[in-house]
Every structure is written in C-alpha cells, then in structure tokens.
Amino acid sequence: MKNVTLAQWRMLAAVVDHGGFARAAEAVHKSPSTLNHAVHKLEEQLGIRVLEPVGRQVRLTESGAMLLRRARQLLESAEALEDVAGRLAEGLEAEVVLAVDQIFPPDALAHALDAVSREYPHVRVQLHETVLNGGIEMLYDGRADLVVSGIAAQGFLGEPLVNVTFLAVSHPDHPLQHLGRELDLRDLEQHRQLVVRDSALRQSMDAGWLKAEQRWTLSHLETSLDMLCRGLGFAWMPTTRIRDALRQGTLMPLPLTVGGRREVPIQLIFRDRDRAGPATRATARSLHDAVARCCDEHSTEANGRAT
C-alpha cells in the first residue's frame, strides 16, 4: 500500500469523472490500457475493489467512493503544494510582516487582509499592532516588511494613506461634562487622563497633552476605550475606534475651547520597495483600496501608489 502513487489516484479520478476508461484516456492523454493497468494495480495494492462494471461503464464501489473522497483531498493538497513551490521559485514571499498602528481604521485593515488572503492564500501574515514608535522601531530593525504609522521614519519615504481624527472624550456622566461651560486645559489637570503606552522597546515617546495630575498608562486602545466607557477618565481617542460609542451616547466629546480635535496623517512605509515581493506589494495595494472603500472621507491621495 505504501507504493500507491498520486498518479494512480489521479487516473482513478479521471476514469470516474469521465465515465469510463476510453473517455478518461482522451482527457488525460493516456492510453486506455495505461489507465486500466493503473487502476487494477491500485486495487491489488489496496486489496480492495474500487470499480465495478455496469454494462459498458464502470462505477465506484462503496469502498472506492470513500477512498476516492479522501484521495481527492490529497490531490488538491498536492496541487496546492506545487502551486506554492512554483510561486516561491518566482519570488513569492512565504510571509509578510505588517506593523500597523492601533489608530488605523480596523475595518479597513480587515478588508485589506481579507483581500490579500484571497489573492495569496498560502502566504502567512504576521500582524503587529503597534503604538507610536513601535512600528518605526520594527522598520529600523528590519523586522517589518510594511509599516502603517503616524510617525515619520528617518531615511524612509512614506505614502499618504489616511488622516485619522482624534477627539477628547469622556463618559457623559464624567464630571468634566457637567461644568456647564467650555473647558480649558486647566480643567483637565484635575482629572484622570488615560494614555496608551508606546510599544517601542528602546526609544519610546510620549505624545499629546500629558499634564493631568492623575494618569493611567495602558497598552491597548481597546483597554482605554473600555475604561472611558466606564467613566474612569478622559482621553484623546481616534474616531476610528469610538464611532459606535459616540453614536450610542456612551462617549461624548469634551467641550474644550481649543485642542479637543486634532488630525494625524497616517503613512504607509515599505522597508525596501525595490525588493518587495508580490505579496508585500499586494498588501500595500489592498491597504490603499480598503481605505478608499471603508473611510473615503478621511483618505488622502497617495503619491507613488503601490503597484
């Protein structure tokens, strides 16, 4: 049984699919005797009849039908393996490492990765959700093929991808919402600010207004959002993450005189555009397309768009 080959299973499948040895022989460019010999040899090796005659035709036995179902899975896997090997030989990457700042629109990211997966189903994607300098550090270290960041990278040229709006927000029951007037920064100093920690390991940075006497530093935007909705502080949050909370009324913008709203331009940066493989380029292209599809009102026209 260990000597049964994929070729024998292919010939059996051809005989079944084409309704007999003669038609199958024409389809696979083999002689009927070659197919007949291959199937009979298969039956001898397995010790099981897989075909039985019905008039001038043949059909699968019950055992043959079960075995062929399993064999088709093997054939599909073998074809996929050969396809992957061919693509690798042509320069297709086995993996794309993508570092994306957490402020990037999550729906656009999901659409982009889904599109890449459909185009290159056998390419793995390593997604790193970063904050501030985290993605840039990966870029400098050569650990990311593509970086989506709101911070410029020295020595690299980025492509404009999307503008993300930040709003100063809190729960509607937060004391800052009930002062009955516009707020200034001195009002904020008396209350707890929620900030997200830079994910860079070596050169972390602080960003935004950080003068509140109380401050909680968190690791992920989703944690900050949860704390905000519980009324545990205020924060500047990207509208890409709080749109539903604003619509549902669980968060409200703070009535600041100035500084309550700011824009952050997000860029797409290749580690090495000239050496980027087809899957990396497809990922960049899909990110642009997903931004245009999911958040067109924030998108910017990219110069030198990925091709």
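Summarising the hydrophobic clusters (Ile, Leu, Val, Met, Phe, Trp, Tyr; side-chain heavy atoms under 4.5 Å, direct or chained), the residues clustered with V97 are M138.
Side-chain contact annotation: T280 with E93, donor-acceptor N/O pair under 3.5 Å present. Between the side chains of E263 and T165, a donor-acceptor pair is found at a separation under 3.5 Å. Checking S170 against Q177 by side-chain atom types alone, a donor-acceptor pair falls below 3.5 Å.
Although no hydrogens or angles enter the test, the distance criterion places no donor-acceptor pair under 3.5 Å between the side chain of T217 and the main chain of R197. A donor-acceptor pair under 3.5 Å is formed between the side chain of H171 and the backbone N or O of D173. In this structure, R192 contributes its side chain and L232 its backbone to a donor-acceptor pair below 3.5 Å. E43 places a side-chain N or O within donor-acceptor distance of the main-chain N or O of L51, the cut-off being under 3.5 Å. The backbone N or O of D274 sits less than 3.5 Å from a side-chain atom of D272, completing a donor-acceptor pair. Put simply, the side chain of S117 never gets that close to the backbone of L113: no donor and acceptor are under 3.5 Å apart.
Pairs engaging residues 26-36 under the side-chain hydrogen bond (donor to acceptor under 3.5 Å, both in side chains) rule: S31-S33, S31-T34, N36-H40 [sequence neighbours left out]. Residue pairs meeting the salt bridge (Lys or Arg N to Asp or Glu O under 4.0 Å) criterion with at least one partner in residues 125-136, sequence neighbours excluded, are absent.
Contact of the P175 side chain with the H191 side chain is registered, since non-hydrogen atoms from C-beta on lie closer than 4.5 Å. You'll find the side chain of Q45 reaches within 4.5 Å of the side chain of Q8, heavy atoms only. When side chains are defined from C-beta on, F166 counts as touching V264, because their heavy atoms get closer than 4.5 Å.
Under the rule for a side-chain hydrogen bond (donor to acceptor under 3.5 Å, both in side chains), the partners of D184 that lie at least two apart in sequence or sit in another chain are R186. Taking the ring pair (Phe, Tyr, Trp, His ring centres under 6.0 Å) definition, one finds that H111 meets it with nothing, sequence neighbours left out. When the salt bridge (charged side-chain N to carboxylate O under 4.0 Å, His left out) test is applied to R247, the partners found at least two apart in sequence or on another chain are D244.
Around CZ of R23, the count of heavy atoms belonging to other residues, nucleotides or ligands within 6.0 Å does not exceed 12. Atom CG of L6 is surrounded by more than 12 heavy atoms from other residues, nucleotides or ligands within 6.0 Å. More than 12 heavy atoms of other shown residues, nucleotides or ligands fall within 6.0 angstrom of atom CZ in R181. More than 12 heavy atoms of other residues, nucleotides or ligands shown are found within 6.0 angstrom of NE2 on H220.
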Q: For the pair L225 and I242, evaluate side chain to side chain contact (heavy atoms under 4.5 Å, CB included) and give the outcome as yes or no after the intermediate values.
A: CA-CA 7 Å; L225 176 58; I242 63 172; 3.8 Å; yes
Q. Going through the checks in order, is the side chain to side chain donor-acceptor pair (under 3.5 Å) test met by T61 and R49?
A. CA-CA 7 Å; T61 63; R49 290 290 300 276; over 6 Å; no
Q: Would you please test Q214 and Q190 for side chain to side chain donor-acceptor pair (under 3.5 Å) and show each step?
A: CA-CA 8 Å; Q214 299 182 58; Q190 309 304 316; over 6 Å; no
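A salt bridge between D17 and R72 is present, with a side-chain N of the basic residue lying under 4.0 Å from a carboxylate O of the acidic one.
Separation of atoms CG (L287) and CG (L98) is listed at 6.0 Å; rounding is to 0.5 Å.
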